[in-house]
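As structure tokens, the structure follows; a few thoughts come after it.
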Amino acid sequence: MLFDPYQRKINYLRISVTDRCNLRCRYCMPEEGLSLIAHDEILTYEEILRIVRVFAKEGMSKVRLTGGEPLVRNGIVQFISRLSQIEEIRDLSLTTNGLLLKDFASDLKRAGLKRINISLDTLNHEKFSQITRRNGFERVWQGIEEAMRVSLFPIKINMVAIKGLNDDEIEAFARLTLHYPLIVRYIEYMPSGKGDEWKDGEILTVLEIKHRLEGMGNLIPIPSDQWDGPARRYRLEGAMGEIGLIGPVSDHFCGNCNRLRLTPDGKIRTCLFSDEEIDVKRFLRNGGSDEDVKKQLLLALQTKPERHLINTHQFKKCQRNMSAIGG
Ligand code: SAM
Ligand code: SF4
């Protein structure tokens, strides 16, 4: 088992397989996109598989694929099917913007993907184009329907709640859970990324969201289980689905953090908000052994910070964009 110096058990690796994306969400990227990591700097699938195998032997049991947009990387389905054969990985999931999901969902299921998170910040066609600077709301919705059809459950819909942008849709998202077996999760807007300038006045805190949801009826807390992560879970009375509240800013959950991240160019990141990175690719590409890879993992664990510093005067926005970390 893997533990960091604060006795946190680390068993979750979040892998950003690409920094490329087919949307340009305002809070994540500038309109013109970002300078991209050169293709030959991006880890091959073979390299990622090697890292995962080494990590899995040490105690990593959960893997999430993210990006950029993971579904734009060629060969992603075959990669998932190879990942799913690593015995120690008991939970294999993916976060997507859903734009390509309609075409991919059944292949992903067949490849062994266990579950899926879909990011969607509005249920309004025009506002979708405003937020993402691309069209495609209908396609994302069809992707969600297809994910339900092929049973990629639990299906989580992640909504970043931003004042003045989509805060008028809190109740509409919650109503989805009345009619569909979906888990709608509200996430606080974080000071990360090179998109629109983050202002703390635009954060809709999980507490504010909770008050709004309580106005809709009986909001019943659900106890968390070991696979839950940082969401506080609720259900509206009589609902088919669930609600999750994730407050990385107002309710930091660093004490329970169980994750490391792997960037597309082969750096282990110890925290979403820290620029501390451990280069593992260097060893892979210079004939390093599995033991060398393991040493980098242990080094990363030793440097994992106790908590992020948002809301403190020591906070500095990190250098890497969210799309090259994976959110
Ligand atoms: N492209 C995929 C997607 O959008 O689901 C995966 C990568 S994206 C970086 C992962 C998650 O990070 C998305 O749910 C996105 O909404 C979230 N995200 C990006 N920038 C954010 C910010 N500044 N605050 C909160 N969440 C953010
Ligand atoms: Fe792309 Fe996801 Fe960032 Fe939106 S949040 S621009 S979909 S990486």
Side-chain angles (χ1 to χ4, degrees), residues 14-34 36-37 64-73 76 93-101 104 108 115-122 127-137 139-140 143-144 147 155-163 165-167 173 183-200 202-206 209 229-231 244-253 259 261-264 269 272-273 308 310 315 317-318 320-327:
R14 197 176 269 229
I15 306 172
S16 174
V17 294
T18 178
D19 59 340
R20 272 78 176 159
C21 190
N22 47 3
L23 294 182
R24 291 286 178 275
C25 303
R26 287 173 176 277
Y27 54 76
C28 180
M29 279 196 200
E31 180 144 30
E32 64 281 10
L34 294 161
L36 296 172
I37 301 171
R64 170 174 297 282
L65 302 179
T66 169
E69 173 48 41
L71 298 184
V72 302
R73 181 157 174 187
I76 189 78
S93 58
L94 176 134
T95 299
T96 172
N97 62 30
L99 211 56
L100 300 175
L101 187 56
F104 273 90
L108 291 172
R115 59 197 184 87
I116 199 156
N117 287 8
I118 302 152
S119 308
L120 181 64
D121 303 320
T122 177
K127 208 191 285 177
F128 180 93
S129 309
Q130 230 181 56
I131 296 176
T132 66
R133 303 192 183 98
R134 298 284 186 274
N135 295 326
F137 171 74
R139 262 188 291 160
V140 176
I144 294 172
I155 300 171
K156 297 179 181 170
I157 308 295
N158 288 343
M159 185 239 206
V160 180
I162 303 180
K163 274 189 191 160
L165 192 67
N166 58 0
D167 53 340
F173 270 87
I183 303 178
V184 167
R185 307 194 314 167
Y186 303 90
I187 302 173
E188 284 174 351
Y189 182 26
M190 295 182 273
S192 182
K194 298 192 167 71
D196 286 354
E197 196 53 45
W198 180 85
K199 299 179 199 75
D200 60 2
E202 290 175 343
I203 299 178
L204 192 65
T205 64
V206 284
I209 297 171
L245 295 178
I246 306 183
V249 181
S250 70
D251 170 30
H252 82 79
F253 31 72
R259 59 188 69 168
R261 292 178 163 79
L262 182 66
T263 66
R269 272 183 87 97
L272 185 53
F273 299 103
H308 69 60
I310 305 177
F315 179 68
K317 220 171 161 183
C318 59
R320 246 187 219 268
N321 196 60
M322 198 71 118
S323 55
I325 305 174

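Counting convention: from 1, in listed order, for ligands and their atoms alike.
In this structure, a donor-acceptor pair under 3.5 Å is absent between the side chains of S119 and N97. For T95 and R64, the side-chain atoms include at least one donor-acceptor pair closer than 3.5 Å.
Between the R24 side chain and the R134 main chain, no donor and acceptor come within less than 3.5 Å of each other. Of the possible donor and acceptor atoms, one in the side chain of E188 sits under 3.5 Å from a partner among the backbone N and O of S250. Using modelled atom types, no side-chain atom of R20 and backbone atom of L36 make a donor-acceptor pair closer than 3.5 Å.
Atoms of ligand 1 found under 4.0 Å from any heavy atom of Y189, numbered from 1 in the order shown, are 23 (N), 24 (N). Distances below 4.0 Å separate heavy atoms of G68 from the following atoms of ligand 1: 1 (N), 2 (C), 6 (C), 7 (C). For ligand 1 and E188, the ligand atoms under 4.0 Å from any heavy atom of the residue are 25 (C). Of all atoms in ligand 1, listed by their number and element, those nearer than 4.0 Å to a heavy atom of T66 are 6 (C), 7 (C). Residue E69 approaches ligand 1 through these ligand atoms, each under 4.0 Å from one of its heavy atoms: 1 (N), 2 (C).
Nearest-residue assignment for atom 17 (C) of ligand 1 (options T96, N158, V160, I162; heavy-atom criterion): V160.
Applying the side chain to side chain donor-acceptor pair (under 3.5 Å) test between E69 and each of T18, N22, T96 identifies T96 as the sole match.
Among the atoms of C25, an N, O or S atom falls under 2.8 Å of atom 4 (Fe) of ligand 2.
Nearest protein heavy-atom neighbour of atom 3 (Fe) of ligand 2: C28 SG, 2.4 Å. If you check which protein heavy atom lies closest to atom 1 (Fe) of ligand 2, you get C21 SG, 2.3 Å.
Between F173 and I157 the shortest heavy-atom distance is CE2-CG2, 4.2 Å. Taking each heavy atom of N135 and S129 in turn, the nearest pair found is OD1-OG, 2.9 Å.
Considering backbone and side-chain atoms together, T95 places no N or O closer than 3.5 Å to any N or O of ligand 1. At under 3.5 Å, a nitrogen or oxygen of M190, whether backbone or side chain, sits near a nitrogen or oxygen of ligand 1.
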